[in-house]
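Below you'll find the structure, written out as structure tokens, and then a few comments.
Model, not experiment: these values are computed from the prediction. In what follows, every chain begins at residue 1, and chains take the letters A, B, ... in the order their sequences are listed.
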There are 2 protein chains.
Amino acid sequence: MAAANKMNSAEQGAGAPELRAPESRDEILKAAIKLFANRGFHETSMAEVARAANVSKALIFWHFKTKEDLFMAVLNRLLEPYVIDFAEEAGALGEVAQIMQLVELYLMFVRDNASSIRFFVAQLMRGELASDALTGPVMQLYDGYRGLLVDLIGRAQAKDLCLKDFPAAAVARMLLSMLNGTLIEMLFAENANADVASAIAMIRQWLFGGRAGAAKDAPPEL
Amino acid sequence: MAAANKMNSAEQGAGAPELRAPESRDEILKAAIKLFANRGFHETSMAEVARAANVSKALIFWHFKTKEDLFMAVLNRLLEPYVIDFAEEAGALGEVAQIMQLVELYLMFVRDNASSIRFFVAQLMRGELASDALTGPVMQLYDGYRGLLVDLIGRAQAKDLCLKDFPAAAVARMLLSMLNGTLIEMLFAENANADVASAIAMIRQWLFGGRAGAAKDAPPEL
DNA sequence: TGGTTCATTGACCGGATGGTTAGGGAATTA
DNA sequence: TAATTCCCTAACCATCCGGTCAATGAACCA
């Protein structure tokens, strides 16, 4: 029977579990990601996706019932790297080191996923589509991150390791504003790498300024 | 001759200098602003604009040669309040007071123009159209603001009135990141007013923390 | 061998969209 | 009054878009 030899030529790699269609579906997804990401939903036609993926338009509709289906698939594919467990990432270090590690995590994540983040923010901005399918996961991630921050900052304040002039929630909100501000700076200007280290240094100084608190046990390694 | 009685019914108000057509053009512009702002360019059809402005579609094309022409007109109209001379706004106060006034100016401006700013950011994000017509003025404004900030911070540092652990340019960049972060927080969540005062307080503490510098001569009045 | 499923396609369809055109009515001008 | 200009419209047009369909070849199954 010459078993297990379905695919025609190229290797199939680790296929997603839910689909059978060999590789065209993936080709379509890749093309759609590129097009949707830098042209948006309404500005991208199915014919363009088809052309970019070297398939017929009808095949796209065979794989995905509708254009919005395709868009949702793209969205979910792009959302995959966003499943992060921040709590797990920050080991059992001291509060100060954990906070700084979260800061670095945020910045490095932004740097490494700049293009999809730009896409998501643009998408979030104008609620045009997928407002629920996007805001859901994104907000969950965001709130988790902020929760961790508030908790850690609160504990650091209790130990007098960290700026105490404002309630932990306010400090956390401001820290997030700094991070988000740096994010959009990185998103707009393409000089990503340069000022990340500087931003980290200034945040550390702001949060733990005078205190002789925990040493710099987590070198940035950017 | 019954002079000066052209318009049919409603008062015409202060007409823009460059156009003759009585009021329909303005009606169209107003409708287009609303539609473009919260539905985007490609998602807004000329028929919709026509319906919203209570005119025929053809009239729009009589006033504006093409859809993109209309969009540019909308853009310029929305850009009008953005012609601010920051240097003039901040009078001859001390450096500290001037910096804080710039900060408040930024935040209040964002609060008062939230909707058009959201539109601009969304537009800037995805370069789909008008990338030049927008980035030009916006960047000019932004750079002017940052320039002022760098200068003032530098002078404040020289007088030992302000945080000196980092070069003025870096401090200014971080301050802008904070402001931009607060901006996007205000843009996404609609709780605008609440945390502006808090943000201002934290920025003041960050910049002029220990120093017994200039008094709070400019009450926020938010 | 013949049937069934899978993967794929070119051709087609109704609808919406940006844009045009020919014309009408009111005011101004001559 | 006649011609001209300005403002405005209904009707039209070509094009493109999302989506459907009938057909086709290849692999698998009986």
**Item:** Distance, rounded to the nearest Å, where Met46(B) contributes CE and dT20(C) contributes P
**Value:** 10 Å
**Prompt:** Any idea how Phe41(B) and Phe71(B) line up, ring-wise: parallel (<30°), tilted (30 to 60°), or perpendicular (>60°)?
**Reply:** perpendicular
**Request:** Could you check how far CD1 of Ile28(A) sits from P of dA7(C), rounded to whole Å?
**Result:** 12 Å
**Item:** Separation between CG of Asp112(A) and CG of Leu107(A), rounded to the nearest 0.5 Å
**Value:** 10.5 Å
**Prompt:** Which distance, rounded to the nearest 0.5 Å, do you find between the CD1 of Ile28(B) and the CE of Met46(B)?
**Reply:** 8.5 Å
**Request:** Return no unless some side-chain N or O of His63(B) is found under 4.0 Å from OP1 or OP2 of dC7(D).
**Result:** no
**Asked** For the pair made of CH2 in Trp62(A) and C1' in dT8(C), what is the distance, rounded to whole Å?
**Response** 9 Å
**Item:** Sole candidate of Ile203(B), Leu207(B), Leu148(B) that passes side chain to side chain contact (heavy atoms under 4.5 Å, CB included) when paired with Ile99(B)
**Value:** Leu207(B)
**Message:** Go nucleotide by nucleotide along DNA chain D from the 5' end; which of Thr44(A) and Asn54(B) gets its closest nucleotide reached first?
**Reply:** Asn54(B)
**Fill in**
Ile60(B) atom CD1 is separated from dT20(C) atom P, nearest whole Å, by 14 Å
**Request:** Step through it carefully: locate the ring centre of Phe36(A), locate the ring centre of Phe119(A), and say whether they are under 6.0 Å apart.
**Result:** no
**Message:** Would you say Thr66(B) places a side-chain N or O within less than 4.0 Å of OP1 or OP2 belonging to dG18(C)?
**Reply:** no
**Prompt:** Between atom CG in Leu59(B) and atom P in dT20(C), what is the gap in whole Å?
**Reply:** 15 Å
**Prompt:** Which whole-number value in Å describes the distance from Arg25(A) CZ to dT8(C) P?
**Reply:** 12 Å
**Request:** Write down the distance between CZ (Phe71(B)) and P (dG18(C)), rounded to a whole number of angstrom.
**Result:** 13 Å
**Item:** Under 3.5 Å: donor-acceptor pair, side chain of Tyr106(B), backbone of Leu176(B)
**Value:** no
**Message:** Tell me the interatomic distance from Phe64(B), atom CZ, to dG18(C), atom P, rounded to whole angstroms.
**Reply:** 15 Å
**Request:** Report which part of the nucleic acid Ser45(A) touches: base, sugar-phosphate, or nothing (heavy-atom distance under 4.0 Å, all strands).
**Result:** sugar-phosphate
**Complete:** Side-chain atoms of Ser24(B) come closest, of dC6(C), dG18(D), dC8(D), to dC8(D)
**Request:** Decide, yes or no, whether a salt bridge links Lys30(A) with Asp26(A) under the criterion of side-chain N to carboxylate O below 4.0 Å.
**Result:** no
Any protein N or O atoms within reach of nucleotides 20-24 of chain D? Criterion: under 3.5 Å, listing atom names and distances.
none

